[in-house]
Every structure is written in structure tokens, then in C-alpha cells.
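This chain uses plain numbering: 1 for the first residue, then up along the sequence. Predicted, not measured: the structure shown is a model, and the values here were computed from it.
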Amino acid sequence: MSASLAVLKVELRWLKRDHEAKVCKLELQKTELEKLKQQYQEKNKEVEKLKQHYQDQAEELISVKTRANSTANQVEALRKEGEVKRVAFSASLVTSASVTFGPFNTYNPLVFKNVVANIGNAYNPNTGFFTAPVRGAYHFEFHIYGRGLASHPTGAVLTKNGDHIVIAYEHQPSHSAKASNGVTLLLEVGDVVLLRQWQNSLIEDNLNHHNTFSGHLIFTM
């Protein structure tokens, strides 16, 4: 009886130690698992940070591209605006020989065919029309020349969309006659400015180019 009890006590102590060992091992595994779990959470946070970082970079790249496109559009708009703002022309009546214009019993359009400059191509040497390419203030000057005759003056009128604006007129019985004038006009896009020969007048021109019509854009509005 006492021998069996001793054996049981030994077995109980062994089982107790085994249980304690297993509990200790389990605690170690639990601690290790907690460490692994913490490491996973930290790695997951790093991954989230990297994802957010890449997302921020992608958004910044889109923003940079948008700004670049906007800047490019602004540069192109400024380039086109600069081209439109460069408007100036000057022309004389004839390209060769001596020519007498008139007299006519109506206001006859004058076509200045000898183009000296036509920056912006707003002046048409085939029609004599200057067509405003942009809204703005324009300045025009013209000089008209002819022989002095008692029967016929020398003159021309500048018109805007068919309306008489200013006239250059000279009438003397002998020698030569020359008249000049100038004006600044506010023009809308498509407005037409041209010169018409004054009725019953005579105008003469030759290779010395006495008769000229000039204009330029001062500023846009």
C-alpha cells in the first residue's frame, strides 16, 4: 500500500513538472505569437504608409501634369495673343509707272497696291480694305497727292464700315497739291477701314510713291 502511494506521488510530481513545462512552453509560444502579431501590425502600418506615400506622389504627379498643361496652354495663348497684337501696315498706290486716278462723280475706293509692310496681314492690297483682327485702338494716316487744277481738287476720305470719318483735301489752281490726315479709332473685330477718293478729284502717283496709307494697332481692349 505504501509502495503504491509512493509511486503515485512520484507520478504526480512528474505530471506536475510536465504540466508546468507545457504551461511555460505555451507562455513562450504566446509571447512569441504576440511579438509576431506586433511585427505584422508594424509591417502593415509601414505598408499603409508606403501606399499613402505612393498615392500622394501619384496625386502630386497629376497636379504637376495639370499645371504643366495649364502653363503650356497659357504660353500658347500668350504667343497667339502676341501675334494678334502685332498689326501694322503701310502701302502706296502704284507699283509701277505714273497713274492718274479720276475724276469720278462718286466716292471711288482707293486700292493701295504697293505694300511696304503688312505685319499681321490685316490689310488687303487687292481690295484696299483694312480689317481689324482684334478689338482695340488703331491709328491711321494717309497722304494724298495731285496736280493743282482749278477744275479739280485733290482729296480722299477715310471710312469706317462705310461711314466718313476724316478727309484729306487740297484745292489750288496750279503747281502740285498734297493733303494729309490721321485718326485714332476704336475698332471691333471685323470692322473695315479704307480710303475713298473724293468725288470730282484728281490723284496722281508714280514710282516716287506720293500717296500712302498706313495704320497700326496701338493696344487691344
Side-chain angles (χ1 to χ4, degrees), residues 82-221:
E83 289 179 353
V84 171
K85 285 183 177 179
R86 293 192 287 268
V87 180
F89 78 97
S90 187
S92 60
L93 268 178
V94 298
T95 57
S96 63
S98 297
V99 180
T100 299
F101 299 85
F104 304 105
N105 58 8
T106 60
Y107 297 97
N108 204 54
L110 287 171
V111 181
F112 291 76
K113 295 184 177 181
N114 184 54
V115 175
V116 180
N118 194 12
I119 301 167
N121 294 314
Y123 175 73
N124 187 335
N126 298 313
T127 62
F129 290 9
F130 173 86
T131 305
V134 63
R135 185 177 190 268
Y138 295 79
H139 184 73
F140 299 93
E141 292 183 358
F142 56 105
H143 305 275
I144 305 299
Y145 174 83
R147 285 180 294 167
L149 296 172
S151 57
H152 299 291
T154 296
V157 59
L158 183 142
T159 68
K160 170 189 170 184
N161 298 331
D163 296 329
H164 289 195
I165 304 299
V166 291
I167 184 176
Y169 183 92
E170 182 68 34
H171 192 183
Q172 57 186 47
S174 60
H175 303 294
S176 61
K178 190 160 190 178
S180 302
N181 211 336
V183 66
T184 297
L185 298 174
L186 173 60
L187 300 182
E188 303 292 338
V189 176
D191 281 350
V192 174
V193 175
L194 74 150
L195 293 181
R196 294 183 183 274
Q197 184 173 351
W198 197 256
Q199 59 186 1
N200 197 42
S201 69
L202 279 175
I203 294 175
E204 292 185 355
D205 206 3
N206 53 41
L207 293 180
N208 290 320
H209 306 300
H210 299 282
N211 299 271
T212 60
F213 179 31
S214 304
H216 65 274
L217 173 65
I218 304 172
F219 51 81
T220 58
M221 294 182 64

Kindly indicate, with the supporting measurements, whether the criterion side chain to side chain contact (heavy atoms under 4.5 Å, CB included) is fulfilled by Val99 and Ile203.
-> CA-CA 8 Å; Val99 180; Ile203 294 175; over 6 Å; no

Below 4.0 angstrom, N of the basic side chain to O of the carboxylate: do Glu204 and Arg147 qualify?
-> yes

Just grab all the salt bridge (Lys or Arg N to Asp or Glu O under 4.0 Å) pairs involving residues 153-163, residues at least two apart or on different chains.
-> none

How many angstroms lie between CG in Asn118 and OG in Ser90, if you round to the nearest 0.5 Å?
-> 10.0 Å

Main-chain N/O of Tyr145 paired to Thr154 side chain as donor or acceptor, under 3.5 Å = no

Nearest 0.5 Å please: distance from the OG atom of Ser92 over to the NE2 atom of His143.
-> 12.0 Å

So do the side chains of Asn211 and Val94 get within less than 4.5 Å of each other, counting heavy atoms only?
-> no

Go through the side-chain N and O atoms of Thr184 and His139 and say whether any donor and acceptor fall under 3.5 Å apart.
-> yes

Tightest non-hydrogen contact, residues Ser151 and Asn200, listed as O-ND2, 3.6 Å

If you measure from NE2 on His210 to CD1 on Ile144, what distance do you get to the nearest 0.5 Å?
-> 12.5 Å

Taking every non-hydrogen atom, the tightest pair across His171 and Ala150 = NE2-O, 3.1 Å

For atom NZ of Lys178, decide whether the heavy atoms of other residues, nucleotides or ligands shown that lie under 6.0 angstrom number more than 12.
-> yes

Please name all residues satisfying ring-ring contact (aromatic ring centres under 6.0 Å, His included) with Phe130, sequence neighbours left out, ordered by chain then number.
-> Phe89, Tyr138, Phe140

Minimum side-chain heavy-atom gap Pro133-Val87 below 4.5 Å | yes

Work out which heavy atom in Phe101 is nearest to a heavy atom in Phe104; give both atom names and the distance.
-> C-CE1, 4.1 Å

Nearest-0.5 Å distance that lies between atom CG in Leu194 and atom CZ in Phe112 = 9.5 Å

Between CG of Asn108 and CG of Leu195, what distance do you get to the nearest 0.5 Å?
-> 12.0 Å

Taking all non-hydrogen atoms of both residues, which atom of Ala177 and which atom of Gln172 are closest, and how far apart?
-> CB-CG, 4.2 Å

Do we see a donor-acceptor contact under 3.5 Å between the side chains of His152 and Ser201?
-> no

Check whether any side-chain heavy atom of Leu149 lies under 4.5 Å from a side-chain heavy atom of Leu202, and answer yes or no.
-> yes

Give the C-alpha distance, both sets of side-chain angles, the deciding distance and a yes or no for side chain to side chain contact (heavy atoms under 4.5 Å, CB included) between Asn105 and Gln199.
-> CA-CA 5 Å; Asn105 58 8; Gln199 59 186 1; 6.0 Å; no

Shortest non-hydrogen contact from Pro125 toward Val115 = CB-CG2, 3.6 Å

Heavy-atom distance under 4.5 Å between the side chains of Phe142 and Asn181, does that happen here?
-> yes

Check: Asp191 main-chain N/O paired with Asn161 side-chain donor or acceptor under 3.5 Å | no

Where do Gln197 and Gly102 come nearest, in terms of heavy atoms and distance?
-> NE2-CA, 3.8 Å

Side-chain contact test, heavy atoms from C-beta onward, threshold under 4.5 Å: evaluate it for Val134 versus Leu217 and give yes or no.
-> yes

List the steps and the verdict of side chain to side chain contact (heavy atoms under 4.5 Å, CB included) for Asn126 and Val111.
-> CA-CA 7 Å; Asn126 298 313; Val111 181; 5.9 Å; no

Would you check if Thr159 and Val193 make a side-chain contact, meaning some heavy-atom pair closer than 4.5 Å?
-> no

Value rounded to 0.5 Å, distance of CD in Glu188 from CZ in Arg135 | 4.5 Å

With a 4.5 Å heavy-atom cut-off, do Phe129 and Tyr123 have their side chains touching?
-> no

Is there side-chain contact between Leu93 and Asn114, with heavy atoms separated by less than 4.5 Å?
-> no

Determine yes or no for a side-chain-to-main-chain donor-acceptor pair under 3.5 angstrom, with Asn206 supplying the side chain and Asn208 the backbone.
-> yes

